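All remarks here apply to the structure that follows.
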Protein chains: 2
Amino acid sequence: MERSQTQYVLLGILAIHPNQSGYEIRKTIEQSVGFFWGESFGQIYPTLKRLVAEGSIVASASKSKPTARRQEYSITPRGREALERWLAIPYREDPPRDEFLLKLFFANEAGPDVAIAHIRRFQERNRQILTTLEQIEAISRPHGSQFAGYRYWMLTLGYGLAHIRAVLAWSDTVLADLAANPEAPAAPSLGAERVTSPIPHE
Amino acid sequence: MERSQTQYVLLGILAIHPNQSGYEIRKTIEQSVGFFWGESFGQIYPTLKRLVAEGSIVASASKSKPTARRQEYSITPRGREALERWLAIPYREDPPRDEFLLKLFFANEAGPDVAIAHIRRFQERNRQILTTLEQIEAISRPHGSQFAGYRYWMLTLGYGLAHIRAVLAWSDTVLADLAANPEAPAAPSLGAERVTSPIPHE
DNA sequence: ACACACATGTAATTGGTTACATGATTTC
DNA sequence: GAAATCATGTAACCAATTACATGTGTGT
């Protein structure tokens, strides 16, 4: 609970766009930060209650859509302070885990066809995301800076585009290499003179 | 336990390089897949025991380094089968969570100085990793394909290099933009005509 | 003697997903 | 009237980290 990031996502989203229900918040998350962040209902609803109890957000009956169950939330000055405090501290790296790269790394145990299948899947998925991100970019550009925070949205979008374009280009060269030269020469197993990569972790 | 990926990392590492202790396995993980995968002792030791119980690996007293406590593990044919089965099934995307991008996305609530601080940190860290990966590449290239799996190691390394170079280039343009134009024009909050990004998830 | 790397393990905690359960509202 | 979407919540489960605890071997 102390270092749960979920609360700050909720605060941040409500800071940008108040008077949303839990259900709506989740949609907003999907549609804005969805390509690098996800939240589940099982996490959202309890956290909203906790934030209300702490006074970081307030709940109110919906005015725009007065249905029976719907609750709307807005950030309070206290919530804004909490958000700003959190934003100011250095981001933490959580331990990286990329199953795609892991399976590719071990692909020698399974053969090049398996590697190729994974890479094709990787390409399909990332081409799809790239198309989406490019559409957002195209739609947003004429809009100009229509809302606060637009600039930073564009920055994160730019990250996504740069990342995906780079790894898609990489995947093309990899596929070409695997197709041109399916069987790599066999060799002794990783032994005494192995090369290592001491990547610094936090 | 069913969908724990830890077991497969251990199997994969032992498939490439047998007769390692738990302690050693962890070091090997850090030094090979460390830039995209991590494992803790609290996860490694119980999983090793479970894999022994299942017959996927075998434990033996150390021959090369016969100390009191040291246990060495090697993969069995059964473990190899389990590894191959796992390698053949499509990788799963786990929900993305990038705190750096999240803080950047919300940076309008905190000001450009906060955004700049995060990006500088990001650059420092990634430049450091880039240097390490480039050194590995430089050392490995003359070695040629000295061991089985070398090829796939180089492929994952290539991914890391492509990714880091791309996001570092992105970060330079972002910093230049934020420095040249620290205050973005204020604008109404994210409202009715907001643009959305329906990223497909699995 | 001291420090550091090697080596193994467990317990507490937790952040999070998934599945389940329920019901209202809208749209076709 | 059926289906989809809106809407909220809880319980079970779990993978994983972190902290703690213990001890050996090596090098200075």
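Residue numbers begin at 1 in each chain, while the letters A, B, ... track the order of the sequences. Quick caveat, the model's predicted, so the values are computed rather than measured.
Distance from the side chain of Glu24(A) is smallest for dA7(D) among the nucleotides dA7(D), dT17(D), dT22(D). The listed nucleotides are dG23(D), dA16(D), dG9(D); the one nearest the side chain of Lys49(A) is dG9(D). In the set dA16(D), dT17(C), dG23(D), dT17(C) carries the atom at the smallest distance from any side-chain atom of Pro95(B). Distances were taken from every side-chain heavy atom of Tyr45(B) (C-beta onward) to each of dG9(C), dG9(D), dA24(C); the shortest belongs to dG9(C).
Side-chain N or O atoms of Thr156(B) include one that pairs as donor or acceptor with a backbone N or O of Trp153(B) at under 3.5 Å. Between the side chain of Glu24(A) and the main chain of Ser21(A), a donor-acceptor pair closer than 3.5 Å is present. Side-chain N or O atoms of His17(A) include none that pairs as donor or acceptor with a backbone N or O of Thr28(A) at under 3.5 Å.
At a threshold of 4.0 Å, the pair Lys103(B)-Glu109(B) does not count as salt-bridged, since none of the basic side-chain nitrogens sits closer than that to a carboxylate oxygen. No salt bridge links Glu84(B) with Arg80(B); every basic N to acidic carboxylate O contact stays at or beyond 4.0 Å.
Using a 4.0 Å heavy-atom cutoff across all strands shown, Gly22(A) reaches sugar-phosphate atoms only and no base atom.
We find that CD of Gln7(A) is positioned 13 Å from P of dT14(C), with the value rounded to whole Å. With rounding to whole Å, Gln71(B) atom CD is found 18 Å from dC6(C) atom P. Distance Tyr23(A) OH to dG23(C) P: 18 Å, rounded to the nearest Å. Rounding to whole angstrom units, CD of residue Gln5(B) and C1' of dC14(D) are separated by 13 Å. In this structure, the CD atom of Glu39(B) is 18 Å from the C1' atom of dA7(C), given to the nearest Å. Protein atom CZ of Phe41(B) is 15 Å distant from nucleotide atom P of dA19(D), rounded to whole Å. In this entry the distance linking CG of Asn19(B) with P of dA7(C) reads 13 Å, nearest Å. Rounding to whole angstrom units, CD1 of residue Ile25(A) and P of dT8(D) are separated by 9 Å.
Close to dC6(C), at under 4.0 Å from its OP1 or OP2, lies no side-chain N or O of Ser21(B). Contact check, Thr67(B) against dC6(C): no side-chain N or O comes under 4.0 Å of OP1 or OP2. Contact check, Lys27(A) against dT5(D): no side-chain N or O comes under 4.0 Å of OP1 or OP2. Under 4.0 angstrom from either OP1 or OP2 of dT17(C) there lies at least one side-chain N or O belonging to Ser40(A). Listed pair Arg70(A) / dA7(D) meets the phosphate criterion, a side-chain N or O lying under 4.0 Å from OP1 or OP2.
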